[in-house]
Amino acid sequence: MKKLSHFLSVILVLGIIAVELSACGSQKILSRQNVLANDRASRTIVWGVKADTKLFGLMDVKNNTIEGFDTDIATAITKKILGKGGKAKFIQVTSQTRIPLLKNGNIDAIIATMTITPERKKQVDFSNSYFDAGQSLLVKKGSSIKSVNDLNKPNTKVIGVTGSNSVANINKYASKARVLELSDYAQALTGLKSGQGVALTTDNGILYGMASKNSDYKVVGGTFTKEPYGIAINKGQVSFKKAVNQALKEIEDDGTYNCILKKWFRNVAGFNYKEASR
Ligand code: GLU
């Protein structure tokens, strides 16, 4: 009896080791895959995009499509890389889920208001920058908060989104303030409206999008950081990154970029789309 139970436990341990080995194996295969070759074969690029961010990537529930500057740039890049018949497939990400989804191979690239930072460069590669944003503040009209300095007081609560670098920036520029982290920009705006914080902080473009639909709120204080947006790609995908940079250059050169910029930002009060043209 004793021998039998020993035998069974050995079998069980071996089984667990086998499962673990095969899981490790598939992870390795994933990172070794050539994304560009796969995308050419499937004629599809899978992009991680925001669905909670007006102007950049927002879900239109009526048509069940995600629309914005980021998704249009992704589509234009896809057509350059794969030809006119190429398909851009969009998967919803948040500031927090985007890097894990890329690293797990669920998406080929992230185009989601994502700043190129030295910390993130340790985990992923970035394309050349495709948009210049800067961090700012959204407050209720009539608020006494006029700039980031006004937040630098104890008991001042600022709303930010988990996974965004805006949260860390507040700790740097207004270290006395407390940051309330919410999981996406829809929740962050609801939090501001219900008075959970005196300001919402993230990039100016995102805040302009919110202000355009909420006339009681305004963007204040100019920008206090530089946030160059990049397309994130898994490390080691050299040919894919090269193709993305090449496509980006082509859409800048042939006017497609400026067309898309104009489409989304021409009527945004406070945003100088001509200055942002390339
Ligand atoms: N650009 C900033 C970031 O990459 C804020 C916008 C966002 O949360 O995506 O974290």
Side-chain angles (χ1 to χ4, degrees), residues 48-72 90-98 110-115 131 133-148 150-151 153 155-171 173-174 177-225 227 229 263-271 273:
V49 296
K50 290 283 186 70
D52 62 344
T53 308
K54 198 175 154 50
L55 296 179
F56 290 90
L58 188 70
M59 176 63 83
D60 176 345
V61 278
K62 256 197 258 151
N63 305 322
N64 198 28
T65 52
I66 303 175
E67 291 166 5
F69 176 76
D70 279 345
T71 55
D72 280 356
F90 297 126
I91 303 281
Q92 207 169 311
V93 302
T94 65
S95 304
Q96 192 178 20
T97 63
R98 57 194 166 191
I110 303 167
I111 183 158
T113 65
M114 188 170 178
T115 303
F131 186 84
Q135 190 168 340
S136 194
L137 307 171
L138 183 74
V139 298
K140 197 167 173 135
K141 281 184 179 163
S143 162
S144 61
I145 308 289
K146 304 264 185 287
S147 78
V148 69
D150 297 328
L151 298 175
K153 291 180 200 122
N155 298 324
T156 304
K157 242 203 255 166
V158 189
I159 298 168
V161 165
T162 309
S164 74
N165 63 347
S166 324
V167 170
N169 287 340
I170 284 294
N171 294 333
Y173 288 88
R178 272 189 30 223
V179 183
L180 171 67
E181 284 188 41
L182 296 172
S183 59
D184 63 39
Y185 285 105
Q187 287 203 29
L189 182 60
T190 307
L192 179 68
K193 286 180 173 174
S194 62
Q196 291 182 62
V198 291
L200 193 170
T201 190
T202 183
D203 301 333
N204 53 348
I206 300 175
L207 297 176
Y208 284 131
M210 293 177 180
S212 71
K213 278 271 171 218
N214 296 277
S215 54
D216 286 350
Y217 292 82
K218 65 173 181 179
V219 182
V220 295
T223 53
F224 55 93
T225 66
E227 307 292 331
Y229 290 176
K263 172 181 167 190
W264 290 102
F265 292 98
R266 183 187 40 207
N267 293 322
V268 176
F271 186 89
Y273 88 87

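Remember, predicted model here, so these are calculated numbers, not experimental data. Sequential numbering from 1 along the given sequence is applied to the chain's residues. No hydrogens, no waters, no symmetry mates; every other heavy atom, side chains included, goes into these values.
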Next item on the list: Mind running side-chain contact (heavy atoms from CB on, under 4.5 Å) on Phe271 and Leu55 for me, showing each step along the way?
Entry: CA-CA 12 Å; Phe271 186 89; Leu55 296 179; over 6 Å; no
Notebook entry, point to check: More than 12 heavy atoms of other residues, nucleotides or ligands under 6.0 Å from CG of Asn155: is that the case?
Noted result: no
Margin query: Closer than 3.5 angstrom, by distance alone: can the side chain of Lys218 be matched with the main-chain N or O of Ser215 as a donor-acceptor pair?
Written below: no
Margin query: So, taking the atom named CD in Gln135 and the one named OG1 in Thr223, what distance separates them when rounded to the nearest 0.5 Å?
Written below: 9.5 Å
Checklist line | From CG (Asp184) to OG1 (Thr190), nearest 0.5 Å | finding: 8.5 Å
Checklist line | Atom pair CG/OH of Leu138 and Tyr217 - distance to nearest 0.5 Å | finding: 8.0 Å
Next item on the list: Please name the pair of heavy atoms, one in Ser164 and one in Arg98, separated by the smallest distance, quoted to 0.1 Å.
Entry: CA-NH2, 4.3 Å
Notebook entry, point to check: Quick one: does Thr201's side chain get under 4.5 Å of Phe224's, heavy atoms only?
Noted result: yes
Note to self: Just so I know, are the side chains of Ile145 and Leu151 near enough to count as touching, which here means a heavy-atom distance under 4.5 Å?
What the structure shows: yes
Next item on the list: Consider only side-chain N and O atoms of Glu227 and Asn165, and report whether a donor and an acceptor are under 3.5 Å apart.
Entry: yes
Next item on the list: Please report the closest heavy-atom contact between Ser147 and Leu137, naming both atoms and the distance.
Entry: C-CD1, 3.7 Å
Note to self: Can you see whether Glu67 engages Thr65 through a side-chain donor-acceptor pair at a distance of less than 3.5 angstrom?
What the structure shows: yes
Item checked: Distance (rounded to the nearest 0.5 Å) between Thr53 OG1 and Met210 CE -> 7.0 Å
Check: What are the two closest heavy atoms between Gly270 and Tyr208, and how far apart are they?
Finding: O-OH, 3.2 Å
Next item on the list: Would you indicate whether the side-chain heavy atoms of Lys54 and Ile206 approach each other to under 4.5 Å?
Entry: no
Next item on the list: Considering non-hydrogen atoms only, spot the tightest contact between Val179 and Gly160 and give its length.
Entry: CG1-N, 4.1 Å
Notebook entry, point to check: Nearest heavy-atom pair of Ser136 and Val220: which atoms, and what distance?
Noted result: OG-O, 3.1 Å
Notebook entry, point to check: Does Asn214 use its side chain to pair, donor to acceptor, with the backbone of Asp216 at less than 3.5 Å?
Noted result: no
Note to self: Strictly below 4.0 Å, N to O, side chains only: are Lys50 and Asp70 in salt-bridge contact?
What the structure shows: no
Check: Between CH2 of Trp264 and CZ of Phe56, what distance do you get to the nearest 0.5 Å?
Finding: 10.5 Å
Checklist line | Closest approach of Leu180 to Gln196 (non-hydrogen atoms, all atoms of both residues) | finding: CD2-OE1, 3.5 Å
Check: Is Phe265 close to Phe131 at the side-chain level, that is, under 4.5 Å between some pair of heavy atoms?
Finding: yes
Item checked: side-chain contact (heavy atoms from CB on, under 4.5 Å) evaluation trace for Val161 with Thr94 -> CA-CA 9 Å; Val161 165; Thr94 65; over 6 Å; no
Check: Out of curiosity, Leu189 CG to Asp52 CG, how far, rounded to the nearest 0.5 Å?
Finding: 10.5 Å
Check: Between Val198 and Val139, does a side-chain contact (heavy atoms from CB on, under 4.5 Å) hold up when you go through it step by step?
Finding: CA-CA 7 Å; Val198 291; Val139 298; over 6 Å; no
